[in-house]
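Reckoned from all heavy atoms, side chains included, excluding hydrogens, waters and symmetry mates. Sequence lines set the chain letters: A, B, ... in the order given, protein chains first and strands last, and positions in each chain run from 1.
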Amino acid sequence: ETGVTQTPRHLVMGMTNKKSLKCEQHLGHNAMYWYKQSAKKPLELMFVYNFKEQTENNSVPSRFSPECPNSSHLFLHLHTLQPEDSALYLCASSSTHRVGTTAYNEQFFGPGTRLTVL
Amino acid sequence: KNQVEQSPQSLIILEGKNCTLQCNYTVSPFSNLRWYKQDTGRGPVSLTIMTFSENTKSNGRYTATLDADTKQSSLHITASQLSDSASYICVVSGGWGFQKLVFGTGTRFLVSP
C-alpha cells in the first residue's frame, strides 16, 4: 500500500535463535530506517541508512545487526534476543531532498513485523 | 530536550461525532509537523504535513492546524466513522538533519457505533 513491504509479518523466536527481518521499498528512495515500537512508547529510531551507508546507530545493542545491500533493501539480523525486545519493528524509507529552503523527509512506513521473543 | 506530547492518551466517541486531538512540541529548530494514522498492527500512514508557514491543512475529514508561535498543533476529525478507529501520532521534524523525527506517543482513538 505504501510502497514499503516487510517480511515476515509475525515472528516468534527463542532467545537462542537467529532470524532476520526483511524490508523492501519500491519508491526509489535513498534512505531507509529501522524503528522499534513498544506499547505506550514513542517510535524509537534504531538505524538509518542513506545511499547504503549507515548514518545513524541510536545506541542499539549489538544483538541487532542491520544490513543494507542496496538502496531498495534493508535487513535486520537478530540473535540472542531478550524478551524485552518483543515489539513491532517498522521499516521506513524516504528521499532526502530540499525544496526551496525547506527540507522534506516524508517517511513511508511498512506494515511492520510483530516480534515475540520467548 | 526535544519532545512531542499528545493529549488525550485515549478517546472514545460515538460514530458521527467530531473530535479534536492535541499536540504540543518543544522541538527546535522546527522544520515541519505531520500527523500519522496507525491502524492496529500496521505501520503509520501520513495524513498531513505542515511547515511553519502553514496554519491549516485538510485531508478529507481530517483537518490539521499549526500554531508555530505556541508550538501547538491539533487534528480535527469531522463526522467520525468506525474506520477512523486507530492511533494518531504527531511527529515533528527538526531542522538539524533530513532524517531526524521526534514522535509523540499517540492518541488511541476509538469510534463506537
A.B. asks: Grouping I, L, V, M, F, W and Y whenever their side-chain heavy atoms are under 4.5 Å apart, do B/L82 and B/L47 come out in a common cluster?
C.D. replies: yes
A.B. asks: Against chain B, work out which of A/K41, A/R9, A/H10 has the most heavy-atom pairs shorter than 4.5 Å and name it.
C.D. replies: A/R9
A.B. asks: For a quick test of reading the model, state the closest non-hydrogen atom pair linking A/Q37 to B/I89 and the distance between them.
C.D. replies: NE2-CD1, 4.2 Å
A.B. asks: Do A/L78 and A/M15 sit in one hydrophobic cluster, given that two such residues count as connected whenever their side-chain heavy atoms are within less than 4.5 Å of each other, even indirectly?
C.D. replies: yes
A.B. asks: Which pair of heavy atoms, one from A/L90 and one from B/G43, lies closest together, and at what distance?
C.D. replies: CD2-CA, 3.7 Å
A.B. asks: Could you tell me whether B/K57 atom NZ has more than 12 heavy atoms of other residues or ligands within 6.0 Å of it?
C.D. replies: yes
A.B. asks: Within the structure provided, determine whether A/E106 and B/R34 are in side-chain contact (heavy-atom separation under 4.5 Å).
C.D. replies: yes
A.B. asks: Run the numbers on A/Y33 and B/L101 for side-chain contact (heavy atoms from CB on, under 4.5 Å), then give the verdict.
C.D. replies: CA-CA 11 Å; A/Y33 313 77; B/L101 302 180; over 6 Å; no
A.B. asks: A/L43 versus B/Y36: any side-chain heavy-atom pair under 4.5 Å?
C.D. replies: no
A.B. asks: Heavy-atom distances under 4.5 Å only: say whether B/Q38 touches chain A with side chain, backbone, both or neither.
C.D. replies: side chain
A.B. asks: Could you check whether atom NZ of A/K19 has more than 12 heavy atoms from other residues, nucleotides or ligands sitting under 6.0 Å from it?
C.D. replies: no
A.B. asks: Could you report the tightest heavy-atom contact between A/P42 and B/F103, atom names first, then the distance?
C.D. replies: CB-O, 3.5 Å
A.B. asks: Got a sec: does the CD of B/E5 have more than 12 other heavy atoms crowding it under 6.0 Å?
C.D. replies: no
A.B. asks: Got a second to check how far B/S87's OG is from A/K40's NZ, nearest 0.5 Å?
C.D. replies: 11.5 Å
A.B. asks: Are A/F75 and A/F109 linked, directly or through other ILVMFWY residues, by side chains that come within less than 4.5 angstrom of each other?
C.D. replies: no
A.B. asks: Which of residues 11-19 of chain B get closer than 4.5 angstrom to chain A, counting heavy atoms alone?
C.D. replies: none
A.B. asks: Give a yes or no on this: more than 12 heavy atoms of other residues, nucleotides or ligands lie within 6.0 Å of atom CD of A/E84.
C.D. replies: yes
